[in-house]
Amino acid sequence: MGAFIVSHIPIVRQVFATVNTLIHESGHAIAALLTSGKVYSVSLFLNSEGLAQTGTRSWLSKFIVSYAGYTFSSAIAFISFYFISTGRTAVIFYGLFTLAIINLLFWIRNVYGILWLFGFLGFCLYIEYNQLSALKEHFTLFVACIVLIQSVSTSFAVLYLSLIQPSRAGDATNLAKLTFIPATLWGFVFFGQSIVVLYYVFTLFII
(Lines give C-alpha, C1' and ligand atoms only; values in the text may rest on other atoms or scores of the structure.)
Protein backbone atom coordinates (compact mmCIF):
# COMPACT_ATOMS: atom_id res chain seq x y z
CA MET A 1 0.00 0.00 0.00
CA GLY A 2 2.89 2.32 0.80
CA ALA A 3 4.44 1.71 -2.61
CA PHE A 4 1.07 2.30 -4.28
CA ILE A 5 0.61 5.61 -2.44
CA VAL A 6 4.16 6.75 -3.22
CA SER A 7 3.56 5.88 -6.88
CA HIS A 8 0.86 8.57 -6.99
CA ILE A 9 2.64 11.43 -5.20
CA PRO A 10 4.03 14.03 -7.66
CA ILE A 11 7.85 14.39 -7.78
CA VAL A 12 8.29 11.64 -5.17
CA ARG A 13 6.67 9.25 -7.61
CA GLN A 14 9.17 10.09 -10.33
CA VAL A 15 12.16 9.59 -8.06
CA PHE A 16 11.07 6.15 -6.89
CA ALA A 17 9.73 5.10 -10.29
CA THR A 18 13.21 5.60 -11.73
CA VAL A 19 14.21 2.21 -10.34
CA ASN A 20 11.77 0.62 -12.79
CA THR A 21 13.10 2.85 -15.57
CA LEU A 22 16.60 1.62 -14.73
CA ILE A 23 15.44 -1.98 -15.05
CA HIS A 24 13.46 -1.30 -18.24
CA GLU A 25 16.34 0.42 -20.03
CA SER A 26 18.81 -2.17 -18.75
CA GLY A 27 16.60 -4.79 -20.37
CA HIS A 28 17.12 -3.09 -23.73
CA ALA A 29 20.86 -2.83 -23.10
CA ILE A 30 21.29 -6.44 -22.01
CA ALA A 31 19.25 -7.65 -24.99
CA ALA A 32 21.50 -5.66 -27.32
CA LEU A 33 24.63 -7.24 -25.83
CA LEU A 34 23.14 -10.75 -25.93
CA THR A 35 22.39 -10.33 -29.65
CA SER A 36 25.93 -9.15 -30.45
CA GLY A 37 24.93 -5.50 -30.55
CA LYS A 38 26.30 -2.45 -28.78
CA VAL A 39 25.12 -0.15 -25.99
CA TYR A 40 26.06 3.47 -26.63
CA SER A 41 24.34 5.06 -23.66
CA VAL A 42 21.41 4.86 -21.25
CA SER A 43 19.58 7.93 -19.94
CA LEU A 44 17.25 8.26 -16.96
CA PHE A 45 15.01 11.33 -16.72
CA LEU A 46 13.19 13.04 -13.85
CA ASN A 47 9.79 12.40 -15.47
CA SER A 48 10.54 8.66 -14.98
CA GLU A 49 11.12 8.13 -18.71
CA GLY A 50 14.33 6.66 -20.08
CA LEU A 51 16.27 6.06 -23.26
CA ALA A 52 18.66 3.31 -24.28
CA GLN A 53 20.72 4.01 -27.39
CA THR A 54 21.87 0.71 -28.85
CA GLY A 55 23.30 -0.65 -32.06
CA THR A 56 21.98 -3.88 -33.56
CA ARG A 57 23.13 -6.16 -36.36
CA SER A 58 19.94 -7.70 -37.70
CA TRP A 59 16.14 -7.51 -37.83
CA LEU A 60 15.88 -10.19 -35.17
CA SER A 61 18.18 -8.37 -32.78
CA LYS A 62 16.21 -5.13 -33.29
CA PHE A 63 13.02 -7.01 -32.50
CA ILE A 64 14.47 -8.59 -29.35
CA VAL A 65 15.87 -5.28 -28.10
CA SER A 66 12.58 -3.45 -28.69
CA TYR A 67 10.58 -6.19 -26.97
CA ALA A 68 12.94 -6.58 -24.02
CA GLY A 69 12.20 -3.45 -21.97
CA TYR A 70 8.69 -4.04 -20.63
CA THR A 71 9.25 -7.79 -20.58
CA PHE A 72 12.42 -7.46 -18.48
CA SER A 73 10.63 -5.16 -16.03
CA SER A 74 7.77 -7.62 -15.54
CA ALA A 75 10.18 -10.54 -15.25
CA ILE A 76 12.27 -8.78 -12.58
CA ALA A 77 9.10 -7.99 -10.64
CA PHE A 78 8.14 -11.67 -10.62
CA ILE A 79 11.66 -12.86 -9.79
CA SER A 80 11.91 -10.32 -6.96
CA PHE A 81 8.78 -11.61 -5.24
CA TYR A 82 9.91 -15.18 -5.75
CA PHE A 83 13.16 -14.55 -3.89
CA ILE A 84 11.38 -12.49 -1.24
CA SER A 85 8.89 -15.31 -0.65
CA THR A 86 11.78 -17.75 -0.11
CA GLY A 87 13.52 -15.42 2.34
CA ARG A 88 16.34 -14.46 -0.03
CA THR A 89 15.83 -10.71 -0.20
CA ALA A 90 19.61 -10.25 -0.32
CA VAL A 91 19.64 -11.67 -3.87
CA ILE A 92 17.40 -8.81 -5.03
CA PHE A 93 19.24 -6.19 -2.98
CA TYR A 94 22.68 -7.11 -4.34
CA GLY A 95 21.30 -7.76 -7.82
CA LEU A 96 19.88 -4.24 -8.09
CA PHE A 97 23.05 -2.82 -6.55
CA THR A 98 25.14 -4.59 -9.19
CA LEU A 99 22.84 -3.43 -11.99
CA ALA A 100 23.15 0.16 -10.75
CA ILE A 101 26.96 -0.12 -10.62
CA ILE A 102 27.11 -1.45 -14.19
CA ASN A 103 24.90 1.38 -15.43
CA LEU A 104 26.95 4.02 -13.60
CA LEU A 105 30.28 2.71 -14.88
CA PHE A 106 29.37 1.87 -18.47
CA TRP A 107 26.04 3.22 -19.68
CA ILE A 108 24.48 6.19 -17.87
CA ARG A 109 25.70 9.52 -19.25
CA ASN A 110 23.05 12.14 -18.39
CA VAL A 111 23.17 14.28 -15.23
CA TYR A 112 19.93 13.17 -13.59
CA GLY A 113 20.74 9.53 -14.24
CA ILE A 114 24.17 9.86 -12.60
CA LEU A 115 22.79 11.77 -9.60
CA TRP A 116 19.97 9.26 -9.11
CA LEU A 117 22.39 6.34 -9.25
CA PHE A 118 24.70 8.00 -6.70
CA GLY A 119 21.71 8.47 -4.40
CA PHE A 120 20.51 4.89 -4.84
CA LEU A 121 23.95 3.37 -4.43
CA GLY A 122 24.75 5.66 -1.50
CA PHE A 123 21.64 4.53 0.37
CA CYS A 124 22.44 0.89 -0.35
CA LEU A 125 26.00 1.34 0.92
CA TYR A 126 24.69 3.08 4.05
CA ILE A 127 22.45 0.08 4.76
CA GLU A 128 25.28 -2.36 4.12
CA TYR A 129 27.96 -0.49 6.06
CA ASN A 130 25.76 -0.17 9.15
CA GLN A 131 24.47 -3.73 8.78
CA LEU A 132 20.84 -2.62 8.92
CA SER A 133 19.36 -5.99 8.03
CA ALA A 134 15.76 -5.06 8.87
CA LEU A 135 15.96 -1.88 6.78
CA LYS A 136 17.56 -3.85 3.94
CA GLU A 137 14.68 -6.31 3.94
CA HIS A 138 11.99 -3.64 4.04
CA PHE A 139 13.75 -1.49 1.43
CA THR A 140 14.05 -4.47 -0.92
CA LEU A 141 10.38 -5.33 -0.49
CA PHE A 142 9.41 -1.69 -1.09
CA VAL A 143 11.50 -1.52 -4.28
CA ALA A 144 10.01 -4.81 -5.50
CA CYS A 145 6.52 -3.39 -4.96
CA ILE A 146 7.46 -0.21 -6.84
CA VAL A 147 8.78 -2.26 -9.77
CA LEU A 148 5.63 -4.40 -9.84
CA ILE A 149 3.32 -1.37 -9.76
CA GLN A 150 5.35 0.54 -12.31
CA SER A 151 5.63 -2.44 -14.66
CA VAL A 152 1.84 -2.44 -14.87
CA SER A 153 1.30 1.33 -15.00
CA THR A 154 3.99 1.98 -17.63
CA SER A 155 2.73 -0.82 -19.85
CA PHE A 156 -0.78 0.60 -19.52
CA ALA A 157 0.63 4.02 -20.46
CA VAL A 158 2.18 2.63 -23.64
CA LEU A 159 -1.10 0.85 -24.44
CA TYR A 160 -2.95 4.14 -24.02
CA LEU A 161 -0.44 5.95 -26.24
CA SER A 162 -0.71 3.22 -28.87
CA LEU A 163 -4.45 3.84 -29.00
CA ILE A 164 -4.39 7.64 -29.28
CA GLN A 165 -0.93 8.29 -30.81
CA PRO A 166 0.37 5.04 -32.30
CA SER A 167 3.30 6.85 -33.90
CA ARG A 168 4.58 7.98 -30.48
CA ALA A 169 4.12 4.82 -28.41
CA GLY A 170 7.80 4.06 -27.83
CA ASP A 171 8.64 0.36 -27.96
CA ALA A 172 5.20 -0.48 -29.38
CA THR A 173 5.84 1.91 -32.27
CA ASN A 174 9.29 0.42 -32.90
CA LEU A 175 7.84 -3.10 -32.96
CA ALA A 176 5.05 -1.97 -35.30
CA LYS A 177 7.64 -0.63 -37.75
CA LEU A 178 9.58 -3.90 -37.57
CA THR A 179 6.67 -6.32 -37.82
CA PHE A 180 3.89 -4.33 -39.55
CA ILE A 181 1.67 -5.40 -36.64
CA PRO A 182 -0.18 -2.33 -35.30
CA ALA A 183 1.33 -0.60 -32.28
CA THR A 184 -1.97 -1.05 -30.44
CA LEU A 185 -1.59 -4.82 -30.52
CA TRP A 186 1.91 -4.55 -29.09
CA GLY A 187 0.50 -2.24 -26.43
CA PHE A 188 -1.98 -4.96 -25.49
CA VAL A 189 0.85 -7.52 -25.42
CA PHE A 190 2.92 -5.43 -23.00
CA PHE A 191 -0.04 -4.63 -20.78
CA GLY A 192 -1.35 -8.19 -20.94
CA GLN A 193 1.91 -9.75 -19.83
CA SER A 194 2.22 -7.26 -16.96
CA ILE A 195 -1.28 -8.21 -15.77
CA VAL A 196 -0.39 -11.91 -15.97
CA VAL A 197 2.70 -11.27 -13.82
CA LEU A 198 0.64 -9.20 -11.37
CA TYR A 199 -1.89 -12.04 -11.09
CA TYR A 200 0.73 -14.69 -10.41
CA VAL A 201 2.64 -12.51 -7.94
CA PHE A 202 -0.54 -12.07 -5.91
CA THR A 203 -1.73 -15.66 -6.15
CA LEU A 204 1.66 -17.30 -5.57
CA PHE A 205 3.47 -14.94 -3.21
CA ILE A 206 1.07 -12.51 -1.53
CA ILE A 207 -2.40 -13.96 -0.97
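Each residue takes its place number in the sequence, starting with 1. Since the structure is predicted, the reported quantities are computational estimates derived from the model, not experimental observations.
Under a hydrophobic clustering in which Ile, Leu, Val, Met, Phe, Trp and Tyr are joined whenever their side-chain heavy atoms come within less than 4.5 Å, directly or via other members, Tyr94 and Ile84 fall into the same cluster. In this structure, Val65 is not a member of the same hydrophobic cluster as Ile76, with clusters built from ILVMFWY side-chain heavy atoms closer than 4.5 Å. Cluster annotation: Ile149 and Phe72 are assigned to distinct hydrophobic clusters (Ile/Leu/Val/Met/Phe/Trp/Tyr, side-chain heavy-atom contacts under 4.5 Å, transitive). Hydrophobic clustering (ILVMFWY, side-chain heavy atoms < 4.5 Å, transitive): Leu115 and Leu104 are in distinct clusters. No single ILVMFWY cluster, assembled from side-chain heavy atoms under 4.5 Å apart, contains both Val111 and Leu46.
When the shell of 6.0 Å around CZ of Phe106 is examined, it contains 12 or fewer heavy atoms from other residues, nucleotides or ligands.
The distance from atom CD of Gln150 to atom SG of Cys145, rounded to the nearest 0.5 Å, is 12.0 Å. Going from atom CD1 of Ile23 over to atom OG of Ser80 covers 6.5 Å, rounded to the nearest 0.5 Å. Remark: Thr140 OG1 to Phe83 CZ distance equals 12.5 Å, nearest 0.5 Å. The line from CD1 of Ile108 to CG of Asn103 is 4.5 Å long, rounded to the nearest 0.5 Å. For the atom pair CZ of Phe139 and CD1 of Ile92, the computed distance is 12.5 Å after rounding to the nearest 0.5 Å. Between atom CG of residue Leu121 and atom CG of residue Leu96 there is a gap of 10.5 Å, rounded to the nearest 0.5 Å.
The shortest non-hydrogen separation linking Ala3 to Ile146 is O-CD1, 3.7 Å. The two residues Val147 and Ala77 come nearest to each other via the heavy atoms CG1-CB, 4.0 Å. What you find for Ser66 and Leu175 is that their closest heavy atoms are CB-CD2, 3.7 Å. Residue Pro182 comes nearest to Ala176 through the heavy atom pair C-CB, 4.1 Å, listed as atom of the first residue, atom of the second, then distance. Of all heavy-atom pairs spanning Ala32 and Val39, the tightest one is CB-CG2, 4.3 Å. Contact detail for Gly27 and Ala68: the closest heavy-atom pair is O-CB, 3.5 Å.
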Practice prompt. Would you sort out whether His28 and Asp171 count as a side-chain contact (heavy atoms from CB on, under 4.5 Å), showing the intermediate values?
Written response: CA-CA 10 Å; His28 288 307; Asp171 295 341; 3.1 Å; yes
Discussion item. Between Phe81 and Ser85, is the side-chain contact (heavy atoms from CB on, under 4.5 Å) condition met? List the steps.
Written reply: CA-CA 6 Å; Phe81 277 92; Ser85 70; over 6 Å; no
Discussion item. Set out, in order, the CA-CA distance, both residues' side-chain angles and the distance that settles side-chain contact (heavy atoms from CB on, under 4.5 Å) for Phe78 and Val196, then state yes or no.
Written reply: CA-CA 10 Å; Phe78 183 86; Val196 169; over 6 Å; no
Worksheet entry | Worked verdict on Arg88 versus Tyr82 for side-chain contact (heavy atoms from CB on, under 4.5 Å) | CA-CA 9 Å; Arg88 291 179 284 177; Tyr82 167 76; 3.4 Å; yes
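A donor-acceptor pair is defined here as one N or O able to donate and one able to accept, closer than 3.5 Å; no such pair exists between the side chain of Ser73 and the backbone of Gly69. Listed for the Gln14 side chain is a donor-acceptor partner under 3.5 Å among the backbone atoms of Ile11.
Residues Val6 and Phe142 are in side-chain contact: their nearest non-hydrogen atoms beyond the backbone lie under 4.5 Å apart. Leu60 is not listed as a side-chain neighbour of Thr35, based on a closest heavy-atom distance of 4.5 Å or more. In this structure, Val42 and Ser26 have side chains that are not in contact, with every pair of non-hydrogen atoms separated by 4.5 Å or more. Residues Val19 and Trp116 are in side-chain contact: their nearest non-hydrogen atoms beyond the backbone lie under 4.5 Å apart. For the pair Ser7 and Phe16, the minimum side-chain heavy-atom distance is 4.5 Å or more. Considering only heavy atoms from C-beta on, Leu117 comes within 4.5 Å of Leu22 through its side chain. Looking at heavy atoms from C-beta onward, Phe156 lies out of side-chain contact with Ile195 at the 4.5 angstrom threshold. Between Leu141 and Thr89 there is no side-chain heavy-atom pair separated by less than 4.5 Å.
Residues that satisfy the side chain to side chain contact (heavy atoms under 4.5 Å, CB included) test with Asn47, not counting sequence neighbours, are Phe45, Glu49. Shown here are the side chain to side chain contact (heavy atoms under 4.5 Å, CB included) partners of Ser41, two or more places apart in sequence or in another chain: Gln53, Arg109. Scored by the side chain to side chain donor-acceptor pair (under 3.5 Å) test, Ser61 finds Ser58 as partners (sequence neighbours excluded). With sequence neighbours left out, the side chain to side chain donor-acceptor pair (under 3.5 Å) criterion links Ser36 to no other residue. In this view, Ser194 and Ser74, Val152, Ser155, Phe191 satisfy the side chain to side chain contact (heavy atoms under 4.5 Å, CB included) rule, not counting sequence neighbours. Remark: Tyr70 engages His24, Phe190 in a ring-ring contact (aromatic ring centres under 6.0 Å, His included) (not counting sequence neighbours). Every side chain to side chain contact (heavy atoms under 4.5 Å, CB included) that Thr98 has, sequence neighbours left out, goes to Ile102.
Residue pairs satisfying the ring pair (Phe, Tyr, Trp, His ring centres under 6.0 Å) criterion with at least one member in residues 165-188, sequence neighbours excluded, are listed as follows: Phe63-Trp186. Residues in residues 126-147 take part in these salt bridge (Lys or Arg N to Asp or Glu O under 4.0 Å) pairs, two or more places apart or across chains: Glu128-Lys136. Within the structure, no pair that satisfies the salt bridge (Lys or Arg N to Asp or Glu O under 4.0 Å) test touches residues 31-43, not counting sequence neighbours.
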Show the atom names and distances, to 0.1 Å, of all donor-acceptor pairs under 3.5 Å that link a side chain in residues 158-169 to residues at least two apart or in another chain.
unit_1, atom_1, unit_2, atom_2, d
Ser162, OG, Val158, O, 3.4
Ser162, OG, Leu159, O, 2.6

Which side-chain N or O atoms in residues 198-207 pair as donor and acceptor under 3.5 Å with protein atoms at least two apart or in another chain?
unit_1, atom_1, unit_2, atom_2, d
Thr203, OG1, Tyr199, O, 2.9
Thr203, OG1, Tyr200, O, 3.4

